[in-house]
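Both ligands and their constituent atoms are indexed starting at 1 by order of listing. Note that the structure is a prediction, hence the values are computed from the model and not measured.
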Amino acid sequence: MIIVMKSTAGEPEVESVLNRIRSMGLTPQVSQGAERTIIGVIGGESIGLKEEFSELAGVESVVSVLKPYTLVSRENGNGDAVVRVGPVNFGSQEIVVIAGPCSVESEDQLMRTAAAVKAAGASLLRGGAFKPRSSPYSFQGLGREGLKLLAQAREVTGMGIVTEVMESGDVALVAEYADMLQVGARNMQNTNLLRTLAKTGKPVLLKRNFSATLNEFLMSAEYLLAGGNDQVVLCERGIRTFVDYTRNTLDLNIVPALKELSRLPIIVDPSHGTGRSDLVIPMSRASIAAGADGLMVEVHPDPSKAFSDGNQALTPPAFEELMQAIQKIAAAVGRTVQAPRKALGVSGAHVSEYAKDRQ
Ligand code: PEP
Ligand code: MN
C-alpha cells in the first residue's frame, strides 16, 4: 500500500502517520519528494487498513498495490480453477452448456425440455423453483414441488441440476436436490446467503448483479472462497445501460477482463443478457469467441406460453441450432463442445451417466 501525503502536510503529520504504521507492527518506507512525501507500507493491505490510513491528518490518498481479492485472483499462482459438477468440468477445454426453462412449470414442460436439451448436447439442466420476480403478482415458482420435478428430470436424463436459491434459510433444502446452486443477479451481494453457501461445499454459479462492477463481482466470489468453498463459476448476464432495444446489455468485455484477473471459470447467459430470443444465438457465438467457458440458455417447448421470460426462450429446434453454431466457434478457438446425443425417450428406462459418475 502507498500513502500519498498532501503537499501541505508538514513534518508533524508525516511523523504521526509513520508512528501509526509502526504501532501496527508494519514497516514504513519514506520517499521524500520536492513537492510531497510518499510512504510505502508493507503488509497493510492484507489486513484491510486502507480506510484507516485514509482518515489520518495530512493524507491525500491511499493506493492499493495488491488486489482486494486474493483467493479468486490469478496473482495467487494457483492457476486456472476447474469446477466439477459430477462429470462436467467448468474451466477445462470443454465448453459447458447449461440449458432449460426459466421456471419449472409442470412435469410435462420440464421433461420435454430436459429431453430436448440433452439430445442437443447440453451438459446440465437449469430451471428455477424459487423465482426472484420483479412483481409480487408474477409467478413465484413451484418451490419444493419444482425441486422434486428437477430431481425427477435428473433421474430420467442423467443431467445434473442447476437451480437458484434466494435465501439462506432455503440453502439446506435446495442443496438436497441441486447439483449446483445458483445465486441470482439480485442476490450477488447478499453476503449472508454467500456465507451460508460457502459452508455447503456444493458448486455455486454466481451471477453478476446488473449494476455490479468487476471488482464487486469478484469480491462476492471472494466471500465464497474465503468461507471455504472454491467451487465457484462466474456468470455474466447483462447489465443496465441506457440501451432500450434489449432487456440488458451483455457485457462481453468482462469475459477476457475477468480471465486476466481471476482464476475462476466464467460463463455467459445470453438469454437474460439480451432478453430477446433472436439475439441469443449470435451472442452465444460471440461469448465463446470471447473466451467464455460455457453458456446458460433458457429453452421452453412453447415460449409463447411460458410463465416467465418467454421472450428470451429458445424453442428446442432453435437450441439445436445454437449447439451447432457454437461447435464451429469452439473449434476455431481450440475448445470442444459436447456433440448432440441420440434423442431420448422421456419415459423409457435410462441409465444415468451422471448418477454412475457420482457413486
Ligand atoms: C435466472 O437465471 O433465472 C435469473 C433469474 O437470472 P438473473 O438472476 O440473472 O436475473
Ligand atoms: Mn429467466
Side-chain angles (χ1 to χ4, degrees), residues 96-105 109-110 113-114 117 122 124-136 138-143 146-147 149-150 160-167 170 174 177-190 193-194 197 203-212 216-217 220-221 232-241 246-252 254-255 266-277 279-280 283-284 287 292 294-315 319:
V96 177
V97 180
I98 306 171
C102 177
S103 302
V104 177
E105 300 170 6
Q109 170 246 19
L110 185 64
T113 313
V117 300
L124 294 167
L125 177 67
R126 66 148 285 147
F130 293 95
K131 294 302 302 176
R133 305 306 302 283
S134 301
S135 163
S138 302
F139 176 62
Q140 305 288 311
L142 296 180
L147 295 175
L149 290 174
L150 285 165
I161 300 300
V162 184
T163 195
E164 178 162 355
V165 58
M166 284 167 46
E167 46 186 284
D170 288 340
V174 180
Y177 293 89
D179 300 290
M180 182 177 216
L181 296 156
Q182 177 176 325
V183 176
R186 290 156 191 81
N187 269 319
M188 187 202 85
Q189 285 181 313
N190 180 340
L193 177 62
L194 297 175
L197 284 168
V204 175
L205 181 65
L206 179 66
K207 298 191 83 175
R208 180 187 184 186
N209 178 262
F210 24 75
S211 62
E216 288 164 342
F217 193 14
S220 289
V232 179
V233 175
L234 305 171
C235 179
E236 159 61 25
R237 49 78 72 209
I239 53 171
R240 283 274 163 82
T241 68
T246 50
R247 179 177 179 186
N248 291 291
T249 296
L250 193 59
D251 179 20
L252 286 186
I254 208 165
V255 173
I266 161 101
I267 69 166
V268 174
D269 168 357
S271 304
H272 293 87
T274 64
R276 287 175 45 171
S277 57
L279 301 185
V280 169
M283 295 316 289
S284 297
S287 302
L295 297 170
M296 178 149 89
V297 180
E298 290 188 343
V299 179
H300 194 285
D302 186 354
S304 67
K305 297 208 173 71
F307 291 3
S308 59
D309 290 351
N311 289 342
Q312 66 197 37
L314 295 186
T315 59
F319 180 68

In Å, rounded to the nearest 0.5 Å, how long is the span from CZ of R247 to CG of L279? 13.5 Å
Looking only at protein heavy atoms, identify the closest one to atom 10 (O) of ligand 1 and say how far it is in Å. R237 NH2, 2.8 Å
Look only at interatomic distance and state if A185 has a nitrogen or oxygen under 3.5 Å from any nitrogen or oxygen of ligand 1. yes
For G184, counting its heavy atoms only, list the atoms of ligand 1 lying under 4.0 Å from any of them. 8 (O)
What's the shortest distance from atom 6 (O) of ligand 1 to any protein heavy atom, and which residue and atom give it? K207 NZ, 3.0 Å
Say you draw a straight line from CG of L250 to OG1 of T241; how long is it, rounded to the nearest 0.5 Å? 11.0 Å
Which atoms of ligand 1 are found less than 4.0 Å from any heavy atom of E298? 3 (O)
So which of the N, O or S atoms of E298 lies nearest the Mn ion (ligand 2)? OE2
Nearest protein heavy atom to atom 4 (C) of ligand 1, by residue and atom, and its distance? H272 NE2, 3.5 Å
So, is D269 polar-close to ligand 1, with some N/O to N/O distance under 3.5 Å? no
Going by the atom numbers of ligand 1, which of them fall below 4.0 Å from some non-hydrogen atom of E164? 5 (C)
Of all N, O or S atoms in D309, identify the one at the shortest distance from the Mn ion (ligand 2). OD2
Under 3.5 Å, is there a donor-acceptor pair between the H300 and D309 side chains? no
